[in-house]
Amino acid sequence: MAGSRDCRNGGGPLKTRKEIEALSRQLEVLLPADASKVAFLCIGTDRSTGDSLGPLVGRYLKRRGVPNVIGTLHDPCHAVNLQECLDSLHGKFVIAIDSCLGRSESIGRIDIKEGPLQPGAGVNKELPAAGDVHIKGIVNEGGYMGFFVLQSTRLALVDDMATAIGRAICLALKRKRISALTEVASGIEGRQASEQSNRSTRSH
């Protein structure tokens, strides 16, 4: 199948352009009208391949000039500093991004949903909930000894998923900004037309 690769050894399908477009549309409808209020909390650590999804997304966004990004490979947001990172985003509309474990047939799936996610649930850690919207990527099979499963996850899979998420985010933000500019332009045109009509009425 076009856009796919070997799914053995923890691999998953590459996301096609159409799939990335669909993900961006899902995210776009959940974003606030003012995209400048959006912040990205990319949770995870580069010390575990399966847990590096968030930091890889953070690096992708940072390199493309997306503002308000917390959590990258060099400066990760993880269990130790998660609360501090959350506190730094007070007043922002937070999109939390993290990896998770799931069914074997769901490996490679990316879910975008309204509401917070619960970081660390797959490895039995109790951490604060995060996000007004969350994006989760299923990187490996859940079950016994989740920590070691994350450690043995293929980096190639996680990197592919992070790129897909990053591209979807950038597309959603671009359309949101264009939509906002269009609304402003329409408002200006409407006021100008109204003022011109009022002047015309007064002149008669």
Side-chain angles (χ1 to χ4, degrees), residues 1-7 10-46 48-77 85 89 92-102 106-115 117 119 130-140 153-182:
M1 183 179 70
S4 66
R5 60 179 169 83
D6 191 349
C7 292
L14 287 168
K15 297 302 178 188
T16 64
R17 183 178 299 179
K18 185 176 180 180
E19 289 172 318
I20 291 170
E21 175 72 18
L23 288 170
S24 74
R25 294 288 182 184
Q26 290 179 43
L27 179 60
E28 183 184 359
V29 298
L30 297 174
L31 294 176
D34 185 358
S36 67
K37 294 181 179 179
V38 177
F40 298 92
L41 184 65
C42 304
I43 303 166
T45 174
D46 61 338
S48 167
T49 53
D51 203 25
S52 64
L53 178 70
L56 284 167
V57 174
R59 182 180 68 170
Y60 184 100
L61 298 177
K62 280 272 192 179
R63 286 181 170 179
R64 282 151 184 80
V66 176
N68 304 320
V69 176
I70 301 293
T72 63
L73 286 178
H74 289 93
D75 190 15
C77 170
C85 293
L89 295 175
K92 295 289 187 181
F93 184 92
V94 178
I95 297 176
I97 302 156
D98 198 7
S99 59
C100 68
L101 302 174
S106 298
I107 293 173
R109 195 180 77 196
I110 296 167
D111 292 328
I112 301 175
K113 294 183 180 179
E114 193 170 13
L117 59 75
D132 298 287
V133 166
H134 69 265
I135 302 174
K136 292 195 300 185
I138 300 175
V139 299
N140 214 328
T153 298
R154 291 192 64 202
L155 180 59
L157 167 69
V158 180
D159 190 47
D160 287 343
M161 294 175 68
T163 299
I165 292 170
R167 289 178 62 192
I169 288 171
C170 289
L171 281 172
L173 290 175
K174 181 179 179 180
R175 279 199 301 268
K176 205 69 177 181
R177 293 189 187 105
I178 291 173
S179 177
L181 289 173
T182 302

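Every heavy atom of this structure was used, including side-chain atoms; hydrogens, water molecules and symmetry mates were not.
Expressed to the nearest 0.5 Å, how far CG of Leu56 lies from CG of Leu73 amounts to 4.5 Å. Taken from CZ in Arg167 to CG in Leu61, the straight-line distance is 13.0 Å, to the nearest 0.5 Å. Summarising the geometry, atom CG belonging to Leu171 is positioned 8.0 Å from atom CD1 belonging to Ile20; distances are rounded to the nearest 0.5 Å. Once rounded to the nearest 0.5 Å, the distance linking SG of Cys170 with CD1 of Ile165 reads 12.0 Å. Note that SG of Cys100 and CD1 of Ile135 are 12.0 Å apart. Values are rounded to the nearest 0.5 Å. Distance CD1/Ile70 to SG/Cys42: 9.0 Å, rounded to 0.5 Å.
A 4.5 Å side-chain heavy-atom check between Leu157 and Met161 finds at least one atom pair inside the cut-off. With contacts defined as side-chain heavy-atom distances shorter than 4.5 Å, the pair Leu41/Ile95 does not qualify. Residues Lys136 and Leu117 meet the side-chain proximity criterion, which asks for heavy atoms closer than 4.5 Å.
At least one donor-acceptor pair under 3.5 Å links the side chain of Thr49 to the backbone N or O of Thr153. Ser24 contributes no side-chain N or O that, together with a main-chain N or O of Ile169, makes up a donor-acceptor pair within less than 3.5 Å. With hydrogens and angles ignored, the 3.5 Å screen pairs a side-chain donor or acceptor of Thr72 with a backbone N or O of Asp75. Under a 3.5 Å cut-off, the side chain of Lys92 and the backbone N or O of Asn68 do not form any donor-acceptor pair. With hydrogens and angles ignored, the 3.5 Å screen pairs no side-chain donor or acceptor of His134 with any backbone N or O of Ile97.
Residue Pro67 comes nearest to Phe40 through the heavy atom pair O-CD1, 4.2 Å, listed as atom of the first residue, atom of the second, then distance.
Remark: Asp111 pairs with Arg109 by the side-chain hydrogen bond (donor to acceptor under 3.5 Å, both in side chains) rule, at least two apart or across chains. Scanning for side-chain hydrogen bond (donor to acceptor under 3.5 Å, both in side chains) contacts around Arg64 gives Tyr60, with sequence neighbours left out. Partners of Ser106 according to the side-chain hydrogen bond (donor to acceptor under 3.5 Å, both in side chains) rule, which considers only residues two or more places apart in sequence or in another chain, do not exist here. Residues forming a side-chain hydrogen bond (donor to acceptor under 3.5 Å, both in side chains) with Thr45 (at least two apart in sequence, or on another chain): none.
Residue pairs that meet the salt bridge (charged side-chain N to carboxylate O under 4.0 Å, His left out) test with at least one member in residues 21-41, sequence neighbours left out, are Glu21-Arg25, Glu21-Arg175, Arg25-Glu28, Glu28-Arg175. Residue pairs meeting the salt bridge (charged side-chain N to carboxylate O under 4.0 Å, His left out) criterion with at least one partner in residues 48-62, sequence neighbours excluded, do not occur; the list is empty.
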*Apply side-chain contact (heavy atoms from CB on, under 4.5 Å) to Ser99 and Val158, showing your working.*
CA-CA 9 Å; Ser99 59; Val158 180; over 6 Å; no
*Ile107/Val139 under side-chain contact (heavy atoms from CB on, under 4.5 Å): CA gap, chis, key distance, verdict*: CA-CA 5 Å; Ile107 293 173; Val139 299; over 6 Å; no
*Worked verdict on Lys15 versus Ile110 for side-chain contact (heavy atoms from CB on, under 4.5 Å)*: CA-CA 10 Å; Lys15 297 302 178 188; Ile110 296 167; 3.9 Å; yes
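Counted within 6.0 Å of NZ on Lys176, heavy atoms from surrounding residues, nucleotides or ligands total more than 12; the atom is thus considered enclosed.
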